[in-house]
Amino acid sequence: MTLTLQSYAAGKWIPAGSDAQSLAHAATGEVVAKAGGAALDTGAMLTEARGKAGPALREMTFHARARILKALGAYLMERKDQLYTLSYFTGATKGDSWIDIDGGIGTLMLYASKGRRELPDSCVYLDGDVELLSRNGTFLGQHISTPMQGAAVQINAFNFPVWGMLEKFAPAFLAGMPSIVKPATQTSYVTEACVRMMVESGLLPEGSIQLIIGGVGDLLGQLGYQDTLAFTGSAATGLRLRSHPNLLANAVRFTAEQDSLNASILGPDACPDTPEFEIFVKEAAKEITTKAGQKCTATRRIIAPEAMVGDLIDTLSARLAKTTIGDPTDEATRMGPVVSLAQRADVLDSAARIAEGAQLVYGDSPINGDAEKGAFVAPRLYHCDDPDAHAAVHETEAFGPVSTIMGYRDMAHAADLANRGGGSLVASLFTHDPKVAQDVIMSSAAHHGRIYINNRDSAKEATGHGSPLPHMVHGGPGRAGGSEELGGVRAVMHYMQRTAVQGSPEMLTAIGGTWVKGAKEVTGPAHPFTRTFDEVQIGETIWTEPRTVTLKDIETFAHFTGDLFYGHMDEEAAKANPFFPGRVAHGYLILSFAAGLFVEPNPGPVLANTGLGDLAFQKPLSPGDSIKVRLTVRKKTRRTDTYGEVRWAVMVVNQDEEQVAEYELLTMNAYEYPL
Ligand code: NAP
């Protein structure tokens, strides 16, 4: 059966046109889908995103959007088998598809969870601390981020039709921006099936995701400064897109993840009899064969001490010889074909360029499949004996199961070779020597988006050289595109505008939904600990009665806790210390007395104290001094169905109103009481 793919534009599915392209099964050559040529009104798509979906998304808080992502992840997880079936057509084995499909859904879930844990339950993200801009604190500054008000256009490469789409969609959605997704045509049938599920789930506000199968028409010419363009693909296409006159004229935010000559370095300590050597060989073989080498992060250059190159070629070749190549649906197959015959031609062409400066040392694996109609390529390992002289081995990305081994003289040479990729997504280092790791980081980190270090201590749990993780930055300088994707909340910020807001504490409190020191202190009708999560208001404040701290208090606390530090117990020694006028109260005693002053002891909606933050002891407290406490509701965040977190600003002052201590108190407060 041949699928006829449809685009999804402004709420409608639009079929492929009469000039649609035929897409072939990677292993059999049979036509599996027709794609492209749809009559798309890209202007209407932008209007749908900018005018309908964007405003709906921006009305939600980060947490509301995160909850949708979580539900969407669960929805896709239940239906993922359909995606696996289609994924085989691309040449992917089950293991390869797991990276794409489960990896993509996992990325969505990770953003759902980060959204709830690391972003506020509000529409504005506060970036950094309040900046004091005036002597008396009546004029302050705060950086905030709010969602951009356009469409997030996302153009993806063929190799990860699900992950590539979801890893861009998730942070954009969490930020509050709708996406227009354009997968690479060759594997767009998998993306189409996934987007169809997302639309059918009914979970997403209409227009939050739209899909273009085939060319983008004049879409890029219509983008404005509130739109964004995120691209993954080859350096050549990246260059064409980044130099689009309209994108330049309107300073459209553009991020690119391009090809990359990733390097993997075997440390000088990782001799053939060490665990590191074995781990290195295992990972190098995996990088060459997983997805038939069609991973932007795959190891293209293997950099080893000159004396170990011979052993490495032998061991790695023996391992590659064990890789079964053939029909991706066969459970015994470890490596399927590349995506298409055109891609195979491209890989062989690039390999020929590498061969101008390197010798083929392995490349004769048997293939269990139709080598004419299927796009099979055996793994190829090259050895370059003069990597300083041959630029092609550092510049040619053969986007298939191809890698080149090269020897290095010393660590400086190893780092220099790794850096000759001209900017990469990832470099890895296999060593058990921290000094080697320090050297490589200092000489190489600036050239790579990620550095993966593995050895006997981490091997069991290490996630792999070639695995971008949603928590960590994915992207790289120079040839890799000069941008970042993923990296936890950092990726969400690519879809938001940072604005420096300046004004009074009252204004900043209203804008950020977080009480700022100097803003109005609100008096509630009762002690705030007797009021539920919803009843207490931002800025609600109590001042306690004063309490005098005596020498007896200090001694009792010292003996009770065992904290007999001289600053509290020995007048002469304390005086000799530049911080103390003589014996002083313990900081922890001050905190304990503060709690004793502000708590309401009876059972109530405050369920637990879950922590303290940003604690500073600002002035020593001598015996006979007194303290009083100001307790203010700073911020509230709903957490579960029954309780939410309240952050309280706590300030302790002495009898002269000088600040003694300041901190943030965290409590969990019930929505209803009695429970
Ligand atoms: P590609 O040929 O550059 O295509 C990438 C995407 O750009 C496809 O969706 C393609 O659509 C689209 N495109 C091409 N010309 C365009 C134009 N003029 N206007 C708008 N869109 C255009 O790359 P590919 O062959 O799919 O992918 C392989 C490359 O991607 C490799 O070099 C690999 O290293 C890189 N890659 C990088 C990453 C990363 O994260 N850094 C990840 C995966 C792959 P059509 O398919 O319709 O032409």
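Just so you know, ligand 1 is whichever comes first in the structure, and atom 1 is the first atom listed for that ligand. Scope of the values below: all heavy atoms of this structure, side chains included, with no hydrogens, waters or symmetry mates.
Contact annotation for Thr185 and ligand 1: heavy atoms of both the backbone and the side chain come within less than 4.0 Å of the ligand. With a 4.0 Å heavy-atom cut-off, ligand 1 is reached by the backbone of Asp259 and by its side chain too. Contacts of Phe399 with ligand 1, taken as heavy-atom pairs under 4.0 Å, involve the side chain alone. When heavy-atom distances to ligand 1 are checked against a 4.0 Å cut-off, Gln294 has no atom that comes that close, whether in backbone or side chain.
Checked by distance only, ligand 1 and Leu425 stay at 3.5 Å or farther apart across all their nitrogen or oxygen atoms. Not one N or O of Thr232 is nearer than 3.5 Å to an N or O of ligand 1, by distance alone. For Gln186, no nitrogen or oxygen atom sits less than 3.5 Å from a nitrogen or oxygen atom of ligand 1, counting backbone and side chain alike. Of the polar atoms of Asn159, none of the N or O atoms is found under 3.5 Å from an N or O of ligand 1, judged by distance alone. Among the atoms of Gln343, none of the N or O lies under 3.5 angstrom from an N or O of ligand 1. Looking at His474 next to ligand 1, an N or O pair under 3.5 Å apart turns up.
You'll find the side chain of Thr297 stays beyond 4.5 Å of the side chain of Ser260, heavy atoms only. Taking the side chain as every heavy atom from C-beta outward, Trp13 and Leu211 approach each other to under 4.5 Å. Between Leu381 and Ile302, the closest side-chain pair of non-hydrogen atoms falls below 4.5 Å. Val216 places none of its side-chain heavy atoms less than 4.5 Å from the side chain of Thr42.
Atom 23 (O) of ligand 1 has its closest protein heavy atom at Ser234 N, 3.4 Å. Taking atom 31 (C) of ligand 1 as the reference point, the nearest protein heavy-atom neighbour is Glu397 OE1, 3.5 Å. At the top of the distance list for atom 11 (O) of ligand 1, counting protein heavy atoms only, stands Lys182 NZ, 3.1 Å. With hydrogens left out, the protein atom closest to atom 35 (C) of ligand 1 is Gly233 O, 3.3 Å, a heavy atom. Closest to atom 26 (O) of ligand 1, if we only count protein heavy atoms, is Phe158 N, 3.1 Å. Nearest protein heavy-atom neighbour of atom 12 (C) of ligand 1: Ile155 CG2, 3.6 Å. Taking atom 13 (N) of ligand 1 as the reference point, the nearest protein heavy-atom neighbour is Thr237 CG2, 3.7 Å. Counting protein heavy atoms only, atom 42 (C) of ligand 1 is closest to Cys296 SG, 3.0 Å.
With Glu167 contributing its side chain and Leu486 its backbone, the two residues share no donor-acceptor pair below 3.5 Å. Formation of a donor-acceptor pair under 3.5 Å by the Ser7 side chain with backbone atoms of Ile212 is not found in this model. At distances below 3.5 Å, at least one donor-acceptor pair connects side-chain atoms of Tyr408 with backbone N or O atoms of Leu266. Judged by distance alone, with hydrogens and angles left aside, the side-chain atoms of Asn419 form no donor-acceptor pair with the main-chain N or O of Asp416 at under 3.5 Å. The main-chain N or O of Gln294 is found under 3.5 Å from a side-chain atom of Asn159 such that the two form a donor-acceptor pair.
With ligand atoms numbered from 1 in the order given, ligand 1 contributes 8 (C), 9 (O), 26 (O), 46 (O) to contacts under 4.0 Å with heavy atoms of Ala184. Against a heavy-atom cut-off of under 4.0 Å, Val216 is close to the following atoms of ligand 1: 20 (C). Taking a cut-off of under 4.0 Å to the non-hydrogen atoms of Pro183, the atoms of ligand 1 that pass are 9 (O). Close approach of ligand 1 to Asn156 (heavy-atom distance below 4.0 Å) involves ligand atoms 5 (C), 6 (C), 8 (C), 9 (O). Proximity to Arg240 (heavy-atom distance under 4.0 Å) selects the following atoms of ligand 1: 15 (N), 18 (N). Counting atoms of ligand 1 from 1 in the listed order, those under 4.0 Å from a heavy atom of Leu241 are 17 (C), 19 (N), 20 (C). Short contacts between ligand 1 and Ala157, defined as distances under 4.0 Å to a heavy atom of the residue, involve ligand atoms 26 (O), 27 (O), 30 (O), 43 (C), 44 (C). Near Gln258, with a cut-off below 4.0 Å to any heavy atom, the atoms of ligand 1 are 37 (C), 41 (N).
Using cut-offs of 30° and 60° for the angle between ring planes, the Trp163 and His474 rings count as perpendicular. Between His465 and Tyr452, the ring planes lie perpendicular to each other; the angle is over 60°, past the 30° to 60° tilted range.
In this structure, Phe160 does not count as a contact residue of ligand 1, since none of its heavy atoms falls inside 4.0 Å of the ligand.
The residues Glu485 and Lys168 are annotated as salt-bridged, a charged nitrogen and a carboxylate oxygen being separated by less than 4.0 angstrom.
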